[in-house]
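Sequence lines set the chain letters: A, B, ... in the order given, protein chains first and strands last, and positions in each chain run from 1. None of these values were measured; they are calculated from a predicted model.
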There are 4 protein chains.
Amino acid sequence: MATLDGIEPLRDQLTAVIRERIASGEYPRGSKLPTARELADEFGISARTVTDALAVLRESGELIGVRGRGVFVRPTD
Amino acid sequence: MATLDGIEPLRDQLTAVIRERIASGEYPRGSKLPTARELADEFGISARTVTDALAVLRESGELIGVRGRGVFVRPTD
Amino acid sequence: MATLDGIEPLRDQLTAVIRERIASGEYPRGSKLPTARELADEFGISARTVTDALAVLRESGELIGVRGRGVFVRPTD
Amino acid sequence: MATLDGIEPLRDQLTAVIRERIASGEYPRGSKLPTARELADEFGISARTVTDALAVLRESGELIGVRGRGVFVRPTD
DNA sequence: GTGGTCTAGACCACT
DNA sequence: GTGGTCTAGACCACC
């Protein structure tokens, strides 16, 4: 299981991890992210904290959330 | 008691109210906001939702939170 | 496990069952209903159908949904 | 109400009381302690003093604090 | 006492 | 079943 063990807030650590995965191509442009629950399981944190992190990236336009469908990496730069 | 009764999320409604109060001078530049708990009581919502709204305004630089002291309106434009 | 085996739509059967439980005092005025998931399990139906039934009773004012807290029987006649 | 009336600092008296309760099994291995607020009320001391005492026992590994959940007695010797 | 973070677990909209 | 919102109530850092 991936772990977040820094001193920073879990939300901010997760935000950084997702940004890295987008940059590295692990989460390609336009692709669908794992569900919030899957990310919560992967990192051993609550779904609420995951959605808080996703909210930051939605706010900044890096991710796009679609109710009932999923969360997607913004296709265009 | 002030009420938030729109269809928008409570967090976003509160964000808008605080922005209005800053613009109107009710919360002057550099002044300290009521505590999160006071705002929660005023609007009849949970402190968590208040801090979510404040987080948006911190993220955008409109407010500055200082642990143990309070939340302040950013002094300068 | 309770069962709904009539010819009517499951949603309407469940609506009727909940109304009976309110009338009988099994769900007293002002009390909190079981969660949607618990009701789904009790009757062996999908959570979606439960929320549909609850929506009917919210619409009619018989139930009151409170975000983050639960669904409650309307306290007063 | 329990009282701490020794000459030692309240924090150290409380630390000792908690150690005794762990040793006696009143706070079993792996169990959740009362909240800091409850302990403060029980002993008639400030929440700050309680968190200071808990910090000592976290530091020594006797207790484990879990954000959003509570403080727990370390399960294993 | 204040702000900030986090959890667990609700409801609800939408697919 | 997914995302999004909200509650209640923890711990913790700081003043």
Side-chain angles (χ1 to χ4, degrees), chain A residues 4 7-14 32-40 43-55 58 63-72, chain B residues 4 7-14 32-40 43-55 58 63-72, chain C residues 32-40 46-48 50-52 54-55 58 63-72, chain D residues 32-40 46-48 50-52 54-55 58 63-72:
Chain A
L4 305 175
I7 194 173
E8 265 191 307
L10 296 174
R11 180 197 59 228
D12 297 339
Q13 293 183 56
L14 179 55
K32 183 182 170 304
L33 261 64
T35 69
R37 289 159 181 79
E38 287 170 342
L39 288 170
F43 293 99
I45 62 180
S46 78
R48 180 62 149 86
T49 299
V50 173
T51 61
D52 283 348
L54 296 179
R58 272 189 293 121
L63 296 179
I64 300 171
V66 184
R67 285 184 116 107
R69 298 264 319 283
V71 173
F72 299 83
Chain B
L4 305 175
I7 195 175
E8 264 189 308
L10 296 174
R11 179 200 57 227
D12 297 339
Q13 293 184 56
L14 179 55
K32 183 183 171 302
L33 261 65
T35 69
R37 287 160 182 81
E38 286 170 344
L39 288 170
F43 292 99
I45 62 180
S46 78
R48 181 61 150 86
T49 300
V50 172
T51 60
D52 283 347
L54 296 180
R58 269 189 296 122
L63 295 180
I64 299 170
V66 184
R67 286 185 116 109
R69 297 264 320 280
V71 174
F72 298 82
Chain C
K32 184 181 171 304
L33 260 65
T35 69
R37 172 167 300 186
E38 286 171 343
L39 288 170
S46 78
R48 170 59 192 269
V50 173
T51 60
D52 284 350
L54 296 180
R58 271 190 292 119
L63 296 181
I64 299 171
V66 183
R67 268 184 305 198
R69 301 260 311 280
V71 174
F72 296 83
Chain D
K32 184 182 171 304
L33 259 67
T35 68
R37 173 166 300 183
E38 286 170 343
L39 288 171
S46 78
R48 170 59 194 267
V50 173
T51 60
D52 284 350
L54 296 180
R58 272 189 290 119
L63 296 180
I64 299 171
V66 183
R67 268 185 305 199
R69 300 258 314 280
V71 173
F72 297 80

- Message: Counting distance alone, no hydrogens or angles: does the base of dT15(E) have a donor or acceptor under 3.5 Å from a partner atom on the side chain of Arg48(C)?
- Response: yes
- Task: May I have the distance from Arg37(A) (atom CZ) to dG4(F) (atom C1'), rounded to whole angstrom?
- Result: 10 Å
- Query: So which nucleotide from dC12(E), dG4(F), dC6(F) ends up closest to the side chain of Val71(C)?
  - Reply: dC12(E)
- Donor-acceptor contact present, side-chain Glu8(B) to main-chain Gln13(B), <3.5 Å: no
- Considering just the side-chain nitrogens and oxygens of Arg67(C), establish if one lies under 4.0 Å of OP1 or OP2 belonging to dA10(E). no
- Comparing Arg58(D) with Thr49(B), nearest DNA chain F nucleotide closer to 5' gives the residue Thr49(B)
- Query: Heavy atoms, side chains only, cut-off 4.5 Å: are Ile64(A) and Val71(A) in contact?
  - Reply: no
- For Leu54(B) and dG4(E), give me the distance from atom CG to atom P, rounded to whole Å. 7 Å
- Would you mind reading off the distance between Phe43(B) atom CZ and dC6(F) atom P, rounded to a whole angstrom? 14 Å
- Message: Please determine whether a side-chain nitrogen or oxygen atom of Arg69(A) lies at a distance below 4.0 Å from atom OP1 or OP2 of dG3(F).
- Response: no
- Task: Map Ala47(A) and Gly68(A) onto DNA chain E by nearest heavy atom, then report which one ends up closer to the 5' terminus.
- Result: Ala47(A)
- Query: When you check the gap from the basic side-chain N to the acidic O, do Arg48(A) and Asp52(B) get nearer than 4.0 Å?
  - Reply: yes
- Query: What is the distance, rounded to the nearest whole Å, between atom CD1 of Ile64(D) and atom C1' of dC12(F)?
  - Reply: 16 Å
- Query: Looking at Ala53(B) and Leu14(B), what are the two nearest heavy atoms and their distance?
  - Reply: CB-CD2, 3.8 Å
- Item | Between P of dA8(F) and CZ of Phe72(C), the distance in whole Å | 9 Å
- Considering only side-chain heavy atoms of Ala36(D), which listed nucleotide, dT5(E), dT5(F), dC11(F), is closest? dC11(F)
- To the nearest angstrom, how far is Leu33(A) atom CG from dG3(F) atom P? 9 Å
- Most 5' of Glu38(B) and Val66(D) on DNA chain E, judged by nearest nucleotide: Glu38(B)
- Message: Counting only Watson-Crick pairs (N1-N3 plus N6-O4 or O6-N4) and G-U wobbles (N1-O2, O6-N3), all under 3.5 Å, who is the partner of dC14(F)?
- Response: dG1(E)
- Using a 4.0 Å heavy-atom cut-off across all strands, classify Thr35(B) as base, sugar-phosphate, or nothing. sugar-phosphate
- Message: Between P on dC12(F) and CD1 on Ile7(A), what's the gap in Å once rounded to a whole number?
- Response: 14 Å
- Task: Would you kindly give the CG-to-P distance between Asp52(A) and dG3(F), to the nearest whole Å?
- Result: 14 Å
- Item | Spacing of Leu54(D) atom CG and Leu39(D) atom CG [to the nearest 0.5 Å] | 6.5 Å
